[in-house]
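Just so it is clear, the model here is predicted, and its values are computed rather than measured. Letters go in sequence order (proteins before strands), and every chain restarts at 1.
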2 protein chains.
Amino acid sequence: MSMRVVDVERVRGLPLFCGVSEETFGAVTAGAFLQKFPAGTTLLHEGDPVDFLYVLLDGLVELEGTWNDKETTLAVLRPVSTFIFAAVALDADALMSARTVERSDILMLSGEALRRAMQTDPRFSYAATLELAGCYRGLVRSLKNQKLRGGAERLANYLITQRVRQGGAETFTLPHEKRLLASLLGMTPENLSRAFATLTGYGVVINGPEVTIARPVVLERLAKPDPLIDNHHPPASRLWARPSGKCGPPAARASRRTGPGCECPRPVRGPAHGRWPCPSGPGRSAPPTDAKPPPRPSAGRAG
Amino acid sequence: MSMRVVDVERVRGLPLFCGVSEETFGAVTAGAFLQKFPAGTTLLHEGDPVDFLYVLLDGLVELEGTWNDKETTLAVLRPVSTFIFAAVALDADALMSARTVERSDILMLSGEALRRAMQTDPRFSYAATLELAGCYRGLVRSLKNQKLRGGAERLANYLITQRVRQGGAETFTLPHEKRLLASLLGMTPENLSRAFATLTGYGVVINGPEVTIARPVVLERLAKPDPLIDNHHPPASRLWARPSGKCGPPAARASRRTGPGCECPRPVRGPAHGRWPCPSGPGRSAPPTDAKPPPRPSAGRAG
DNA sequence: GGATTGGATTGATGATGATCAAATTCAGGC
DNA sequence: GCCTGAATTTGATCATCATCAATCCAATCC
């Protein structure tokens with residue numbers, strides 16, 4: 001099943017293919033399949049060897065992990081995004097399952113071809129590095145979110161993020177079932193329901209899948225959003241795609257913190273060092289030492 | 001301060017520099033600093049711009065995250081390992097702080113030089129991709145560990161992993177303070193203490209920092225270790241280093257699941273599909289659909 | 001030695017989250 | 001319109017975990 005031109009362009013616009021040669025792109029997409037899957041299809045099981053890189057072109061996909069008959073959602077993806085790239089790169093078994101939440105169009109790219117391309121085209125392996133670095137940082141955020149915050153706080157921040165991503169209007173719609181959201185936030189559906197009830201006291205109005213944040217300031221006082229945890233602006237994806245299917249030259253990106261960074265277009269940061277409505281706060285418990293490196297040593301050269 | 005030859009070779013042996021040219025390696029290590037830091041030194045603060053890739057040559061380093069006056073440790077590193085590579089690659093702000101737990105020797109490599117090298121030497125950006133992929137998967141494991149298991153289970157699995165990594169003897173020593181372990185496992189020191197007390201009932205004997213697993217089978221019945229969460233064998237690091245400072249040719253690694261994989265030397269796996277003392281279990285709740293992709297469509301080509 | 005310090009442990013209590021059960025709402029299907 | 005099944009909500013109860021407080025212990029420092 002061949003891709004429509006539109007789809008090719010959307011794939012071409014992915015950060016992963018930013019700056020790669022037409023040959024490489026051709027080689028990688030040559031043996032690709034574009035498939036449509038119904039909702040609820042398991043694309044890949046935890047522990048399975050991974051033969052393809054998946055690209056979600058349309059629909060909704062959940063990545064989940066299992067242990068001891070329990071399962072948890074690690075991420076919910078929307079188009080356009082790639083998934084299980086790390087396993088593909090290493091030619092390793094999947095650490096998580098992937099399943100469609102809605103009917104989805106998914107492009108499958110040969111892992112073999114990708115690994116070959118990475119060793120051939122330096123631009124591609126460079127793009128791959130940036131892609132993975134972005135994914136890595138996404139997970140760091142998730143882990144911090146999970147370990148440092150309580151359920152209601154996670155929900156509050158989720159809602160704030162959604163509001164921003166959906167355009168910033170007072171009212172928006174949850175992108176999927178609450179049951180799935182609960183799993184993503186690391187709680188049971190019952191507790192999610194109660195967490196919503198709690199947020200009612202902070203100006204949040206729930207109406208089925210419709211959420212209204214009536215008093216954002218109040219909610220933020222509870223949520224304490226933090227740019228080092230919450231990625232309000234979507235990481236890359238279509239932001240990188242130019243209508244022409246080209247993307248910014250690597251030179252521009254490599255320059256010191258200028259232009260749109262690959263992972264995140266650097267949310268508007270205030271003057272000087274400020275970087276969020278909610279600063280990390282001055283009160284930090286003082287650890288044993290907190291000194292900058294001792295006066296730089298006789299700074300010689302090595303290697 | 002110039003590196004000793006031994007140190008240069010240890011750095012050269014890192015997976016990150018596997019297969020890179022001497023020129024690239026030289027360019028990257030040219031402006032490097034080797035510094036010794038006392039215990040408890042904060043090398044890097046959350047939110048700071050990252051100018052260096054750090055390489056821990058000796059000592060112990062903790063990576064931690066903070067929010068709302070609470071902190072949690074995301075990883076504890078031992079030599080030889082690199083850290084905050086993702087932030088360096090993207091030239092982004094650090095998402096976590098790094099501090100020495102013990103007196104440490106740390107090599108600092110210029111981020112600028114590394115990013116330049118990634119765009120110059122395809123072998124290097126390829127190695128970087130594999131490195132990041134390994135780190136990514138490490139975090140997936142952590143997140144699953146955190147979301148799916150309870151405190152006692154996390155501890156039990158931690159102990160089992162330590163036993164294996166330290167050689168498999170019945171008795172071993174905790175590599176650092178329990179306070180730090182508690183934070184790593186996502187619990188309070190008090191609860192860690194109680195979790196240890198609980199494990200006493202499963203054949204675990206605690207004597208200060210000395211831990212004895214008297215009845216591994218019993219403990220494993222509680223812990224239910226899983227290769228998709230627990231990485232019993234250390235990921236890469238010195239495993240890759242050849243005494244000569246060279247490492248396996250990429251060709252060997254790229255081949256389908258043979259030879260020592262870069263992330264993990266593929267723990268001894270049983271026959272057929274088995275891969276761990278504790279299988280993921282047959283009982284899996286049946287989701288809506290669990291089918292393999294529908295009969296492959298008219299499988300055309302795209303791109 | 002004796003005092004001091006910080007880590008580790010233990011106990012008591014409260015908060016948070018999970019589980020079980022039942023009621024309720026909602027979307028389709030007939 | 002009514003039925004049915006699933007999602008969601010609510011209530012009650014239990015398990016887990018955090019917090020506060022006090023104690024114990026070992027290392028260190030005069």
Side-chain angles (χ1 to χ4, degrees), chain A residues 38-40 60 62 67-73 101-103 145-156 158 173-201 204-211 222 285-289, chain B residues 38-40 60 62 67-73 101-102 145-156 173-201 204-211 222 285-289:
Chain A
L60 207 58
E62 170 196 13
W67 180 76
N68 194 221
D69 292 326
K70 283 193 276 272
E71 43 188 65
T72 190
T73 301
V101 174
E102 302 173 349
R103 181 172 192 288
N145 190 39
Q146 189 64 36
K147 289 182 76 174
L148 290 167
R149 307 217 260 227
E153 291 156 341
R154 289 197 295 273
L155 175 58
Y158 175 86
T173 307
L174 295 176
H176 46 71
E177 283 181 341
K178 287 177 184 166
R179 150 208 266 297
L180 180 57
L181 177 56
S183 178
L184 179 65
L185 295 179
M187 52 177 121
T188 59
E190 293 94 325
N191 276 333
L192 175 61
S193 193
R194 282 184 261 266
F196 269 121
T198 299
L199 294 193
T200 286
V204 175
V205 182
I206 315 295
N207 191 338
E210 304 278 302
V211 178
L222 167 69
S285 70
T289 310
Chain B
L60 207 60
E62 170 197 13
W67 180 76
N68 195 221
D69 292 327
K70 285 195 276 271
E71 41 188 68
T72 189
T73 112
V101 174
E102 302 173 351
N145 191 39
Q146 188 65 36
K147 287 182 77 174
L148 290 167
R149 308 215 259 227
E153 292 156 342
R154 290 197 296 271
L155 175 57
T173 307
L174 295 176
H176 46 69
E177 283 180 342
K178 288 177 183 166
R179 148 205 268 303
L180 180 55
L181 177 57
S183 178
L184 179 65
L185 295 178
M187 53 178 117
T188 60
E190 292 96 324
N191 276 332
L192 174 61
S193 195
R194 284 184 259 266
F196 268 121
T198 300
L199 295 193
T200 287
V204 175
V205 183
I206 314 295
N207 192 337
E210 305 278 304
V211 178
L222 168 69
S285 72
T289 310

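Summarising the geometry, atom CG belonging to A/L181 is positioned 5.0 Å from atom OH belonging to A/Y158; distances are rounded to the nearest 0.5 Å. For the atom pair B/L192 CG and B/L185 CG, the distance stands at 6.5 Å (nearest 0.5 Å). For the atom pair B/L174 CG and B/I206 CD1, the distance stands at 7.0 Å (nearest 0.5 Å). Put simply, CG on A/L148 and CG on B/D69 are 11.0 Å apart, with the number rounded to the nearest 0.5 Å. Going from atom NZ of A/K178 over to atom CZ of A/F196 covers 5.5 Å, rounded to the nearest 0.5 Å. Here the straight-line distance linking atom OG1 of B/T72 with atom CD of B/E62 works out to 9.0 Å at 0.5 Å rounding.
For the pair A/N207 and A/A152, both in contact range of DNA chain C, the more 5′-proximal nearest nucleotide belongs to A/A152. When each of A/R149 and B/E177 is assigned the nucleotide of DNA chain C bearing its nearest heavy atom, the one mapping closer to the 5' terminus is B/E177.
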Nucleotides 18-27 of chain D: which of its N/O atoms have a protein N/O under 3.5 Å away?
residue: D/dA18; atom: OP2; partner: B/T188; partner atom: N; Å: 3.4
residue: D/dA18; atom: OP2; partner: B/N191; partner atom: ND2; Å: 2.6
residue: D/dA18; atom: N7; partner: B/N191; partner atom: ND2; Å: 3.4
residue: D/dT19; atom: O4; partner: B/R194; partner atom: NH2; Å: 2.8
residue: D/dC20; atom: N4; partner: B/E190; partner atom: OE2; Å: 3.2

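Residue-level contact check: B/G208 touches neither bases nor backbone, having no heavy atom under 4.0 Å from any strand.
The span of DNA chain C lying next to chain A, judged by atoms under 4.0 Å from heavy atoms, is bounded 5' to 3' by C/dG17 to C/dC20.
For the pair A/R179 CZ and D/dG5 P, the computed distance is 17 Å after rounding to whole Å.
With sequence neighbours excluded, no residue forms a salt bridge (Lys or Arg N to Asp or Glu O under 4.0 Å) with A/R194.
Residues A/R154 and A/Q146 meet the side-chain proximity criterion, which asks for heavy atoms closer than 4.5 Å.
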